[in-house]
Amino acid sequence: MKKQIALLPGDGIGQEIIHAAKDVLNAVAKQFNHTFVFQTYDIGGVAVDRHETPLPEETISACEKADAILLGAVGGPKWDVYPTHLRPEKGLLGIRKALGLFANLRPVKGFPELLHASPLKEEVVKGSDLLIVRELTGGIYFGKPSERRHDGKEVVDTLVYQRFEIERIVEKGFEAARLRRKHLTSVDKANVMESSRVWREVVEEKSRDYPDVEVEHLLVDAAAMKLITNPTQFDVIVTENLFGDVLSDEASVLTGSLGMLPSASLRSDGVGLYEPVHGSAPDIAGKGIANPVAMVLSAALMLRHSFQMEEEALAIEAAVESVLNEGYHTADLHVKNGKIVGTKEMTERLVDALSSTNATESIMNCYS
Ligand code: IPM
Ligand code: MN
């Protein structure tokens, strides 16, 4: 298969990790006989510097034409003092909105090799395997611009949801749960917020179409607590934009490092943007020590969700598993008796593991 992939490295460690994903994808292409054509575009702070906007028109139209998009990360202290419309984050929110990528999937699965690297007790995190389905193009992130103000005395952000926006993300949650362990936790703040009460109503309504899925409602504060005290109780969590943002960072520590978590941002037709959950880590940018795993696993999600290349996605995931198994990891992880390597070596090891995993399979096929 031939696929066009738009690369948006962005800021900070974005450049380094996109490179890693490209190397791994090139290895996949070679092994499975695909052609991946990469083209790079600006977004975030680099785009502000070069084009005076965090989201140039050229980037939007290239992403619209591409088969899928890989994004590194945006932001950094340099642009923190810029006015709102010139903030790198505007570029990220803008591309999600422009492409209508309303469904953000954030799988959180502990790697057995890293269990002890989690700040939580091993017996608490062991077996946790959950998926956060976060609404991505509505809510307080995109409140009515006319009502958003800050006049020195008063500051206003508005939270707006159209009913159809809630319905389509809740459906995604149910669909995802149906393919997993059939348990859906809907997270809201229905004891306080009107929008949450509508959210809960929609979940109840939709649940009639999914009698096979068990539904539970949790208030966001309780959900935050249970994620830490009993993470294995969760299968799929569906929630609105801001709650999903906060809970997914919290959930990421279950795996030992934020540097391990991939994400997929999708719309209904399969077009998707894939990016790590972590940010641009300006403090370690350019040092060659960034963890490429979340970015590489995001590329695996791209293969799975946008290209229907399940076998190829599994090959990448198996390569990550095998390199971690051998004890190699980047400095962000605190692994007992591990071997710390930089971004480049970690990537080379992933590429090597890809071909050897496949080699093992072919050997097994010979004997079967
Ligand atoms: C994320 C990030 C973004 C968000 C920021 C950078 C705008 O934290 O993808 O989780 O809040 O959505
Ligand atoms: Mn976030």
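We count ligands from 1, going down the list as the structure has it; atoms in each ligand are counted the same way.
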_Neighbouring protein N, O or S atoms of the Mn ion (ligand 2) [cut-off: under 2.8 Å, no waters]_ = Asp245 OD1
*Atom CG of Asp42 and atom CG of Leu8: how far apart are they, to the nearest 0.5 Å?*
9.0 Å
*Given that the side chain starts at C-beta and the backbone is N, CA, C, O, which of these parts of Arg134 lies under 4.0 Å from ligand 1, counting heavy atoms, or is it both or neither?*
side chain
_Just to confirm my output: which protein heavy-atom neighbour is closest to atom 4 (C) of ligand 1, and how far is it?_
Tyr141 OH, 3.5 Å
*Could you tell me whether Asp188 and Arg197 have a side-chain N and a carboxylate O separated by less than 4.0 Å?*
no
*Assess the side chains of Glu171 and Tyr210: does a donor N or O sit below 3.5 Å from an acceptor N or O?*
no
Determine all donor-acceptor pairs shorter than 3.5 Å in which one atom belongs to a side chain in residues 108-126; sequence neighbours excluded.
residue: His116; atom: NE2; partner: Lys336; partner atom: N; Å: 3.0
residue: Ser118; atom: OG; partner: Leu120; partner atom: N; Å: 3.1

_Taking 4.0 Å as the limit for heavy-atom contacts, which would you say applies to Lys90 with ligand 1: side chain only, backbone only, both, or neither?_
neither
_Single-linkage hydrophobic cluster, 4.5 Å side-chain cutoff, Leu219 and Val203 together_ = no
*Mind checking whether Arg106 has a heavy atom under 4.0 Å from ligand 1?*
yes
*Protein heavy-atom partner closest to atom 2 (C) of ligand 1 - residue, atom, separation in Å*: Asp245 OD1, 4.1 Å
_Spacing of CG belonging to Leu266 relative to CG belonging to Leu105, to within rounding of 0.5 Å_ = 5.0 Å
*asked:* Closer than 4.0 angstrom, basic N to acidic O: yes or no for Lys78 and Asp11?
replied: no
_For atom 9 (O) of ligand 1, what's the nearest protein heavy-atom neighbour? Residue, atom name and distance, please._
Arg96 NH2, 2.7 Å
*Rounded distance [0.5 Å steps], CD in Glu167 versus NZ in Lys206*: 5.0 Å
*Using 4.0 Å as the upper bound for N to carboxylate O, is an ion pair formed by Arg349 and Glu345?*
yes
